[in-house]
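Computed over heavy atoms, backbone and side chain alike; hydrogens, waters and symmetry mates excluded. First the proteins, then the strands, lettered A, B, ... as listed; each starts at 1.
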Amino acid sequence: MPHEFAIGGVYMPPLLIAAILGTIAAVVTARLLNRYRLSKYFFYPPLVFLALMIIYTVLIGTLIIPV
Amino acid sequence: MIPLSTRSKEAIKTGLAMTIAYGIALSMDWDKPYWAGFAVAFTSLATVGQSFNKAALRMLGTLVTTVVALIFIALFAQDRWLFMLFLSVYVGFCTYMMAGKKHRYFWHVCGFVCVIICMDAGPNSIKAFEIAILRAQETGLGILVYSLVSILLWPISSRADFEAAACKLASTQKQLYRSYLDLMSGEGNAGEAQALRAQEVQEQTRFGQLLDAAETDTYEIWELRRQWGRYRSQAAELTETMERWRESFAEVKALDLSRLLPNLIPFGAELDERLAQIGRLLANQPPERQPVAMDLALDKAEARALFHFHKAALAVTWSRLQRLEVLTRSLFDSLSDIKGFGQLVTEVDTAPPPRGGLVPDPDRLAGAVRIILILWLAFLALIYIDDMPGGAGFVSMATAFGMAMAAMPQVSVSLLFLPAAISVLFGGLVHIFVMPQLSSFIGLGLLIFGVTFAICYFFAAPRQALGRALGLAMFVTLASISNVQTYSFLKIANTALMFALLFLILAITARAPFYLRPERVFLRLLGRFFRSCEYLISTMRWDPQRAVKRLDRWREAFHVREVSTLPRKLGAWAPSIDKKALSGTSPQQVQAVVTSLQGLTYRMQELLEERGNPQAQFLVQELQEDVRAWRLRVQEIFQRLSEHPAAGERETFRTKLDGTLYHLEERIKGALDKAPDGLISERDGENFYRLLGAYRGVSEALVNYAGSTDVIDWTQWEEARF
């Protein structure tokens, strides 16, 4: 059941929280891929980053925070 | 009385000006009083002259763009797509002009203020006129108030700073000259010379900026602005000539210069003395002696015994030193005129400006394309996303930030994130917790003064300018001070979200259509540099008598400009390259690549200049095939380097080019032996050796470049990364 997040009396939509967490997860993944020189296997990393953001957001929105 | 530091005084001046500007705008009951606050925030600089210059550009830009905005609204009020098309092209044009050399801030203001007026007014023509006038009058108010405060309260004239900068520049040029003279004679320290060179570049920029400022706030400098302008261009030419001179050291290393140039030591001492006298003049002291006209003697009997390429190298060095002689004399004369110790100088003794002024710059065009894309993305978001955070202000803010980012593409968007987040938080706290407690202008005035003072005081250093500008802008935006004051948490949350979306757009446009990762840009610029070199070398085949088509002339001007400007652009990108990600590449190695490219630029320019000089027909016919072979080899190397910057090793280049040049040396010897007496005049011989020296210079510069790239692991640079 989707429900809003109340932070100090301010209500936030669950999609916003899922998107923020998804972006953070994508940033961490991209940094790890850079660090271990695995990014070179992707054709166009910026697009991969966008895809990762969406995948993580959908996964978080489905499994952890229902949106 | 408590003595105050300059930093405190400047912060007090800005705080006071901001408070007065708000006070007047509120008492006049003007809408959007924060526009006056913006004008104060962005025109307050270290000296009166600098602030006046910026204020004048802001005012002029606002007035011009007001007319443009009203024209756009009048013409396209009924068609938003056509309206947006013209507006975005106009902003793109302003961004292109902003990246030029002159009136950068004027073009910046012209671009974003037009969007502010258009977006705030919408298609309503009456509102549009009111908004445009309001923007102009509040900008004028902010500028007027700050100008008065900065003149009346602790005025800081640019004159002292300017004179100090001029003395420092002259002193560094003298040290650099001394250092190069030592290097030429095989002594001296190359590292020290390199450090002096870097210092000189910075001092030259500062000298130029302070001259502009001093012309505005010091009548004595304004009166002599033409003479100072001449001095500035002569000083810049002196720097360039010294660099070209330095480039020839490697080739004259093997020669006994004290025998070939018998009066080199007194000649060097005379130039040194002239630079010392220039220092005295700048310190307002009369010169101890006048320059003595002196020719650098060349022992022709000694020179005749040299190999032809050594003769060529000697001819190049000789001509550079002769040019230095002329330039130091002109500098001395100009300064004597300025300081009233000499005669009036009217003749301008500097090189003519480069050809092809109307040649487009690809990097500036890329910046214009980026801002057009930013504007369209913001506009489409405004139209298609309901309740877009920031509303029409989102488009205006995107334009202001986008234009600033287009002017400094090396700055990563992520660097802006933290200052912006802190500024939003700070502004939000003031808006929510402090402002509701205030009930009169005394309280509000104290708040405005206190916050402005704190931001200006803690972000006073020049490198903190971005934080200062963001802090003041965010405070002014978030506080939203007006006569009918409302407080809302939603406004703060919306502003924060607007900035998050704005940074998203900036991040997208930093990756498409042009990928702005520093090492990729570096490789792209390298490719362009070598492509231009290849084209210019290919033009060497042209017969000087042949009529050149207009398109060919334009292409040549384009590539000449590319070759002369790209090393500087590469130098600007080099510090942004991520050293941690590209392990094994040190900043010094990257700098060495840039320096070697600058050397190649000078050599290419020299070759193109020498190409124009008349040559003996006999030598041209005899050596045509050999010069052609050299040209084709160099062209092939440039072509390979344009595809891959490390396509060649130092030793391979050395072998290839030395082989060709050795063959050429033999052929020259044969041709000269064959030449009948009197067929080749002294002038022909001089021109020929200078051209030969230029050919040899390009070859040496290529070998030098290959040496600097050998140590870099280019495969890592080419790998895709997030």
Side-chain angles (χ1 to χ4, degrees), chain A, chain B residues 370 373 377 385-387 389 412-414 417-418 421 425 428-429 432-433 488-501 503-521 577-585 713-722:
Chain A
M1 182 75 165
H3 57 274
E4 286 170 321
F5 279 77
I7 301 173
V10 180
Y11 289 90
M12 310 248 183
L15 183 61
L16 180 69
I17 305 295
I20 291 171
L21 292 178
T23 308
I24 293 170
V27 169
V28 172
T29 311
R31 290 205 164 200
L32 287 173
L33 287 168
N34 270 350
R35 187 172 169 181
Y36 295 106
R37 288 183 70 180
L38 295 170
S39 324
K40 61 183 170 185
Y41 297 110
F42 297 108
F43 173 67
Y44 192 61
L47 215 54
V48 178
F49 181 80
L50 193 68
L52 280 174
M53 259 174 67
I54 295 169
I55 291 167
Y56 278 127
T57 305
V58 170
L59 282 178
I60 293 167
T62 312
L63 303 173
I64 304 170
I65 306 166
V67 292
Chain B
R370 189 180 177 200
L373 190 64
L377 286 174
I385 298 176
D386 279 343
D387 295 329
S412 165
V413 179
S414 57
F417 192 77
L418 194 63
L425 191 68
L429 288 174
I432 294 167
F433 295 107
S488 155
F489 172 77
L490 202 61
K491 182 178 167 53
I492 307 300
N494 270 336
T495 307
L497 202 56
M498 179 184 83
F499 274 99
L501 293 170
F503 288 139
L504 181 69
I505 289 182
L506 291 177
I508 290 170
T509 52
R511 282 155 182 81
F514 308 108
Y515 196 12
L516 295 179
R517 184 170 276 285
E519 66 269 18
R520 300 304 281 272
V521 176
I577 292 168
D578 189 355
K579 279 87 196 176
K580 278 187 221 153
L582 303 173
S583 55
T585 305
D713 178 9
W714 294 100
T715 46
Q716 268 198 52
W717 288 49
E718 284 159 357
E719 277 175 10
R721 287 198 306 124
F722 283 99

task: Check the surroundings of atom OH in A:Y44: do more than 12 heavy atoms from other residues, nucleotides or ligands lie under 6.0 Å from it?
output: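 Atom OH in A:Y44 is packed in, count exceeds 12.
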Flag if over 12 foreign heavy atoms under 6.0 Å of CZ, B:F417: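 At most 12 heavy atoms, drawn from other residues, nucleotides or ligands, come within 6.0 Å of this atom.
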Hey, could you give me the [atom1]/[atom2] distance between [X] and [Y], rounded to the nearest 0.5 Å?
X      : Y      : atom1 : atom2 : answer
B:R721 : A:R31  : CZ    : CZ    : 11.0 Å
A:Y41  : B:E719 : OH    : CD    : 8.5 Å
A:M53  : B:L504 : CE    : CG    : 6.5 Å

Heavy-atom proximity to chain B below 4.5 Å, by part of A:R37: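 The side chain, not the backbone.
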